[in-house]
Amino acid sequence: MKNKRLITIVGPTGAGKTSVSIALAKHFNTEVISSDSRQIYKGLTIGTAAVTPQEQDGIPHHFVGTLEVTDNFNAFEFEKQALKVIEESFEHYDNLVMCGGSMMYIDAVCKGIDEMPDVDLSIRKQLIKQQEEEGVDALSQRLYEIDKTYYDAIDPKNPARVIHGLEVYLTTGKPISSFRQNTSKERPFDIIKVGITLPREQLYERINLRVDKMLEAGLEEEARRFYPCRECNSLKTVGYRELFDYFDDKITFEEAIRLIKRNSRHYAKKQLTWFRKDEKTRWFAPDQESEILAYLKVEI
RNA sequence: GGUACCAUAGCUCAGUUGGUAGAGCAACGGACUGAAAAUCCGUGUGUCCCUGGUUCAAAUCCAGGUGGUACCA
């Protein structure tokens, strides 16, 4: 039997992954799995440039607008749910398209991540507070005493990772390193990675322009609607947090716009750094549809 | 055309009595397995407009040139 293929489209934000994914899904007469950690939330449509029903053009999309912004979600959860959908879909299709820029979500599906215990979020909250008051060094020191293996593996100046180590220990009584296997899981399907990008200058221009378009489309109003949930993880997102600062009178509107553009560019750059590491990714410009199809070895 | 002022990083500019230069913004590189659009770490990237002069030594002083700005004609 012929191998099933997960055609995985990666690349920086604003490069044009969405339209490529839909063209490919149409070509293969299949569906799209979104690997975007923000488009998965209901209502964050303008600010995340979520694929619209018009753009979808009848192609079924999974994991777009399916969660409430108050929901907690993570890469491991995504791995589980996405694999289930992928498995079911492969009963009907030979090819599936996965498209999105969330680096760790993509890796979770392609390589898997270790299962870890659920953490007590009140413990996390407490640790965050402590970090803000005492600084990260105090927490790093504690982590060092509890779990030297993990301490050596991470950047002790990075509060998110230090806190994560501590919260797992405080929740389970076991060091986080005992849960970390760091092994790659094999998948029962082929994964083929297609990168979509543009020359840096063009990419940045498109990103800046897209922010202007988002504003015209009502980003400010959308952000205002979610202001009450500004502490939710789902809203710790470029485009919203800057506007929240504006709503809080911390910065001017113009400054917020400037920062949204800059932070989007930084995000794109960070994505490129991550995606570049995977040598199996074959890179294309968003308009190279026929080249992409040729690469996927099909008749044009 | 005349006078004055200016010319330094991608941009805006700082640079003391001469000792080959540094801030902000922007940019660039990297890490990252249960927050990942998160969270961190790192990097000055320069023909100091050009040519000549003075000097041990010029971004700095002098002359000329070029370009720009303002005002006067």
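In what follows, every chain begins at residue 1, and chains take the letters A, B, ... in the order their sequences are listed.
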Considering every strand and a 4.0 Å limit on heavy-atom distances, what is the contact class for A:R180: base, sugar-phosphate, or nothing?
sugar-phosphate
Starting at the 5' end of RNA chain B and moving along, which residue's nearest nucleotide shows up first, A:D36 or A:K269?
A:K269
C1' spacing across the pair B:G15 / B:G52, given as an integer number of angstrom
25 Å
Closest to the A:T273 side chain, choosing from B:U33, B:A31, B:C40
B:A31
How is A:K111 classified with respect to the nucleic acid when contacts are heavy atoms under 4.0 Å: base, sugar-phosphate, or nothing?
nothing
What contact category does A:N72 fall into here, base, sugar-phosphate, or nothing, at under 4.0 angstrom with non-hydrogen atoms?
nothing
Just checking A:Y105: base, sugar-phosphate only, or nothing, at a heavy-atom cut-off of under 4.0 Å?
sugar-phosphate
OP1 or OP2 of B:A38 sitting under 4.0 Å from any side-chain N/O of A:R124?
no
On RNA chain B, nearest-nucleotide positions of A:S184 versus A:S37: which is more 5'?
A:S184
Write down the distance between CH2 (A:W274) and C1' (B:U39), rounded to a whole number of angstrom.
12 Å
Nearest-Å distance once atom C1' is located in both B:U47 and B:U20:
12 Å
Which residue in the set A:D107, A:I106, A:V10 passes side chain to side chain contact (heavy atoms under 4.5 Å, CB included) when paired with A:W274?
A:D107
Let me check I have this right: for RNA chain B, each base becomes ., (, ), [, ] or |, based on Watson-Crick or G-U pairs with both distances under 3.5 Å. What is the full string?
(((((((..((((.....[..)))).(((((.......))))).....(((((..]....)))))))))))).
For A:H266 and B:A27, is the shortest distance between a side-chain N/O and OP1 or OP2 below 4.0 Å?
yes
Heavy atoms from C-beta onward define the side chain here; which of B:A36, B:C40, B:C32 lies closest to that of A:K277?
B:C32
Given side chains that start at C-beta, do those of A:I191 and A:K193 come closer than 4.5 Å, heavy atoms only?
yes
Quick one: A:Q271 CD to B:A38 C1', roughly how many Å, whole number?
12 Å
Whole angstroms only, please: what is the CZ-P distance between A:R265 and B:C25?
13 Å
Any idea which of B:U39, B:A37, B:C32 is nearest the A:S102 side chain?
B:A37
Taking CZ from A:R200 and P from B:A27, how many angstroms apart are they, rounded to a whole number?
10 Å
Heavy atoms only, 4.0 Å cut-off, all strands: where does A:M103 land among base, sugar-phosphate and nothing?
sugar-phosphate
Per A:D118 side chain, nearest of listed nucleotides B:U39, B:G34, B:C25:
B:G34
Check every strand shown and say whether A:E79 touches a base, only sugar-phosphate, or nothing at a heavy-atom separation below 4.0 Å.
nothing
What nucleic acid atoms does A:S264 come within less than 4.0 Å of, heavy atoms only: base, sugar-phosphate, or nothing?
nothing
Looking at A:R38, does any N or O in its side chain come under 4.0 Å of the phosphate oxygens OP1/OP2 on B:A38?
no
Check whether any side-chain heavy atom of A:L215 lies under 4.5 Å from a side-chain heavy atom of A:F253, and answer yes or no.
yes
From the options A:Q271, A:R210, A:R265, select the one residue that forms a side chain to side chain donor-acceptor pair (under 3.5 Å) with A:T13.
A:R210
Would you mind classifying the nucleic acid contact of A:T171 as base, sugar-phosphate or nothing, using non-hydrogen atoms under 4.0 angstrom?
nothing
Taking any heavy-atom pair under 4.0 Å as a contact, classify A:Y41: base, sugar-phosphate, or nothing.
nothing
Provide, to the nearest angstrom, the distance between the CG atom belonging to A:N74 and the P atom belonging to B:A37.
13 Å
Between atom CD in A:E167 and atom C1' in B:U33, what is the gap in whole Å?
13 Å
With under 30° as parallel and over 60° as perpendicular, where do the rings of A:F90 and A:F189 fit, or are they tilted in between?
tilted
Report the relative orientation of the aromatic rings in A:Y295 and A:F284; use parallel for angles under 30°, tilted for 30 to 60°, perpendicular for over 60°.
tilted
Considering only heavy atoms and no angle criterion, is a donor-acceptor pair shorter than 3.5 Å present between the side chain of A:D114 and the base of B:U33?
yes
So does A:L259 get a backbone contact from the side chain of A:N263, meaning a donor-acceptor N/O pair under 3.5 Å?
yes
Counting only side-chain nitrogens and oxygens, does A:R262 get under 4.0 Å of the OP1 or OP2 atom of B:A26?
yes
A:F78/A:F63 aromatic ring centres below 6.0 Å
yes
Touch check for A:G239, heavy atoms < 4.0 angstrom, all strands: base, sugar-phosphate only, or nothing?
nothing
Considering only heavy side-chain atoms of A:N158, the closest of B:A35, B:A31, B:A37 is B:A31
Counting side-chain heavy atoms from CB outward, which of B:A36, B:A35, B:G34 is closest to A:A160?
B:A35
Is the number of heavy atoms from other residues, nucleotides or ligands under 6.0 Å of A:E55 CD greater than 12?
yes
Please work out if A:I128 contacts a base, only the sugar-phosphate, or nothing of the nucleic acid, heavy-atom cut-off 4.0 Å.
base
Rounded to whole angstrom, note down the C1' distance from B:A59 over to B:A14.
12 Å
Go through the N and O atoms of the side chain of A:K270 and the base of B:A31, and report whether any donor-acceptor pair is under 3.5 Å.
no
Output yes when at least one side-chain N/O atom of A:R241 is less than 4.0 Å from OP1 or OP2 of B:A37, else no.
no
